[in-house]
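Below is one structure; the comments refer to it alone.
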Number of protein chains: 2
Amino acid sequence: MTDIPGGHASVRKLLTAMLNELSNSERKVARALLAQYPTAGLTTVVDLATAASVSPPTVVRFVTRLGFSGFPAFQRALVHELNGELGSPLKQYPEKGGPSKEGVLTETYQAFAAMLSASYEELPESEFHKMTKLLCDPGREVRVAGGRFSGSVSSYLVGHLRLLRAGVHHVDGDDLDRRTAIADASSSTVLVIYDYRRYTDRSVVFAEGMAARGATVCLMTDNWLSPIAKFAKVVLPMRVDSASPFDSLVASMALTESLVAAVAAELGDAGVKRLELVEESGG
Amino acid sequence: MTDIPGGHASVRKLLTAMLNELSNSERKVARALLAQYPTAGLTTVVDLATAASVSPPTVVRFVTRLGFSGFPAFQRALVHELNGELGSPLKQYPEKGGPSKEGVLTETYQAFAAMLSASYEELPESEFHKMTKLLCDPGREVRVAGGRFSGSVSSYLVGHLRLLRAGVHHVDGDDLDRRTAIADASSSTVLVIYDYRRYTDRSVVFAEGMAARGATVCLMTDNWLSPIAKFAKVVLPMRVDSASPFDSLVASMALTESLVAAVAAELGDAGVKRLELVEESGG
DNA sequence: GCTATTCTGAAATCTCAGTTACACAACGAG
DNA sequence: CTCGTTGTGTAACTGAGATTTCAGAATAGC
């Protein structure tokens with residue numbers, strides 16, 4: 001089989017590699033192909049052209065530019081590749097352990113992978129479960145707060161939790177907001193607070209205030225532990241080391257999603273029911 | 001598509017079910033097909049006939065006996081089926097022998113690791129660089145927008161970018177906000193829009209409006225590509241498959257941080273200087 | 001702002017894959 | 001042994017789909 005030009009093992013790789021050497025319309029074809037890979041390329045030229053919103057000749061030019069003698073040859077390459085991949089279904093991921101080229105992308109990816117691995121490794125599972133239980137308790141009010149950057153993650157948590165249960169609110173950075181939150185808190189309140197270095201006094205003061213009112217404080221923080229850990233009931237540390245000048249909240253984001261998944265699983269039907277209710281009333 | 005007869009979801013099942021109702025030569029075809037499923041059926045009638053050591057008409061008679069209107073219809077069914085199986089790559093993992101009562105934590109962690117690896121593997125590096133260049137251009141105004149959930153990530157991007165360069169603003173979901181953003185847009189505007197399934201019309205309309213004003217549209221989306229891809233200059237797809245009922249934005253978050261890292265590296269001293277300036281004036 | 005180059009799609013063309021028709025071969029029944 | 005039925009391949013046909021051509025559109029360069 002000399003169908004595959006340049007000895008490339010993967011058409012997908014070939015696609016991404018040549019993406020910037022293609023014309024605009026040809027790039028559209030590449031994207032359409034990558035969006036539904038590889039099935040989009042297994043039908044006809046017309047179908048692929050339609051999916052990419054271009055004309056059939058563009059598709060033909062596209063495959064020839066990739067180095068194939070024509071569309072049929074291109075299809076044979078796809079099928080050939082499919083043969084290899086389907087043979088070992090799990091091969092797709094562990095392959096070479098990720099991207100291969102140098103650059104920011106690779107660097108950051110590797111940092112993320114290592115960070116995630118280490119974070120989950122070190123995470124005390126018992127704490128995670130405690131937190132899940134707290135978030136699932138319908139008798140408790142949940143308040144969530146974050147800092148300048150971690151606020152994005154905390155609001156993300158709220159966005160999901162609200163769909164699964166009642167009584168979830170975000171406490172913004174606003175001073176008045178925070179003071180009213182403290183005033184409204186009681187022993188049935190759960191505070192989830194995201195605090196990563198550099199730790200801000202404001203967050204500490206706020207958490208302290210909530211704890212003083214009897215609230216159960218759950219802390220999402222980094223390895224070095226925010227001072228809030230002193231009076232937190234649950235502490236979930238994640239790594240934030242990064243290749244860039246900024247700390248990374250990818251692990252925090254991941255843990256947040258893990259929490260949501262755990263809550264969803266724990267609530268089961270009840271959660272699903274509420275979710276459907278919210279969705280359909282929204283239109 | 002009414003290509004699949006009898007409501008069978010799987011052609012493979014159909015094959016094994018009808019094996020003994022076929023003639024000798026037809027059974028050969030079925031065997032050849034099962035031996036290399038489904039790729040043997042994705043080429044041509046002649047190829048399949050050759051592989052099965054029968055004549056082309058026998059292959060045609062074979063597929064019609066299965067209930068298909070012809071060979072093309074049969075192929076469409078195969079492709080359709082392939083779409084479903086390959087569509088959710090993470091579905092393959094839960095079958096990892098034994099009950100997956102392993103725990104939510106490890107389950108989600110594995111999903112994240114796989115998702116990240118695949119996402120970065122598939123990411124076109126050239127697109128990433130194009131986007132970096134755009135974000136580093138001091139002559140351009142940057143606008144960032146997101147959806148209900150992705151809004152958290154988009155605001156996260158803004159939080160970082162603002163520290164590195166001027167002219168970066170978030171466009172909220174508010175209608176008036178978006179309309180003014182469109183009015184203010186020009187050919188020197190860069191729009192970074194986060195749009196993950198399920199894609200909202202509002203985001204498409206907004207992006208379209210910005211594009212019409214000459215803005216350069218950069219799209220952060222999932223594998224299935226938001227319709228915005230049609231008129232986007234740069235498209236960065238990331239996987240969103242998750243173990244929970246919700247899609248995951250961990251990969252999106254990671255890519256966002258990669259972008260920030262790339263921009264920081266590209267800007268170099270200029271970025272650092274601005275960063276220090278912002279920090280110290282803040283107190 | 002103009003020219004040169006590249007890009008792109010509509011229409012015409014041509015090739016070949018899928019299909020059909022028919023004749024021969026195999027097998028079983030009487 | 002002969003007839004009828006079923007299965008199978010050869011060869012001719014048909015139409016769908018891949019390809020080529022060419023003119024208009026977009027883009028880059030000066």
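Each chain gets a letter, A, B and so on, in the order the sequences are listed, and its residues count up from 1.
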Would you mind reading off the distance between [X] atom [atom1] and [N] atom [atom2], rounded to a whole angstrom?
X: A:L42; N: D:dG17; atom1: CG; atom2: C1'; result: 16 Å
X: A:D47; N: D:dA18; atom1: CG; atom2: C1'; result: 13 Å
X: A:K28; N: D:dA26; atom1: NZ; atom2: P; result: 12 Å
X: B:R65; N: C:dT19; atom1: CZ; atom2: C1'; result: 17 Å
X: A:L22; N: C:dT6; atom1: CG; atom2: P; result: 16 Å
X: A:F71; N: C:dT15; atom1: CZ; atom2: C1'; result: 16 Å
X: A:N24; N: C:dG9; atom1: CG; atom2: P; result: 10 Å
X: A:F74; N: D:dG17; atom1: CZ; atom2: P; result: 17 Å

Taking the side chain of [X] as heavy atoms from C-beta outward, which of [options] is closest to it?
X: B:V45; options: C:dA11, D:dT10, C:dG18; result: C:dG18
X: B:V54; options: D:dG9, C:dA11, D:dA18; result: D:dG9
X: B:P57; options: C:dT19, D:dT10, D:dA18; result: D:dT10
X: B:S23; options: D:dA18, D:dG7, D:dA11; result: D:dG7
X: A:T44; options: C:dG9, D:dG7, D:dG17; result: D:dG17

Requested in this report: Taking only the side-chain nitrogens and oxygens of B:T58, find out if one of them lies under 4.0 Å from OP1 or OP2 of D:dG7.
Outcome: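 So the side-chain polar atoms of B:T58 never come under 4.0 Å of the phosphate oxygens OP1 or OP2 of D:dG7.
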Report task. Report yes if at least one side-chain N or O of A:S25 is closer than 4.0 Å to OP1 or OP2 of C:dT8; otherwise report no. Result ->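 Answer yes for this pair, as a side-chain N or O of A:S25 is under 4.0 Å from OP1 or OP2.
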Salt-bridged, [X] to [Y], with N to O below 4.0 Å?
X: B:K230; Y: B:E208; value: no
X: B:E127; Y: A:R31; value: yes
X: B:E26; Y: B:R61; value: no

**Report entry** Minimum side-chain heavy-atom gap B:E122-B:N223 below 4.5 Å
**Finding:**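 SC-SC contact between B:E122 and B:N223 confirmed.
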Report task. Could you tell me whether the side chain of B:M238 reaches within less than 4.5 Å of the side chain of B:D222, counting heavy atoms only? Result -> no
Query raised in the report: Between B:Q75 and B:R61, which is nearer to the 5' end of DNA chain C once each is assigned its nearest nucleotide?
Result: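 Checking each residue's closest nucleotide, the 5'-ward one belongs to B:Q75.
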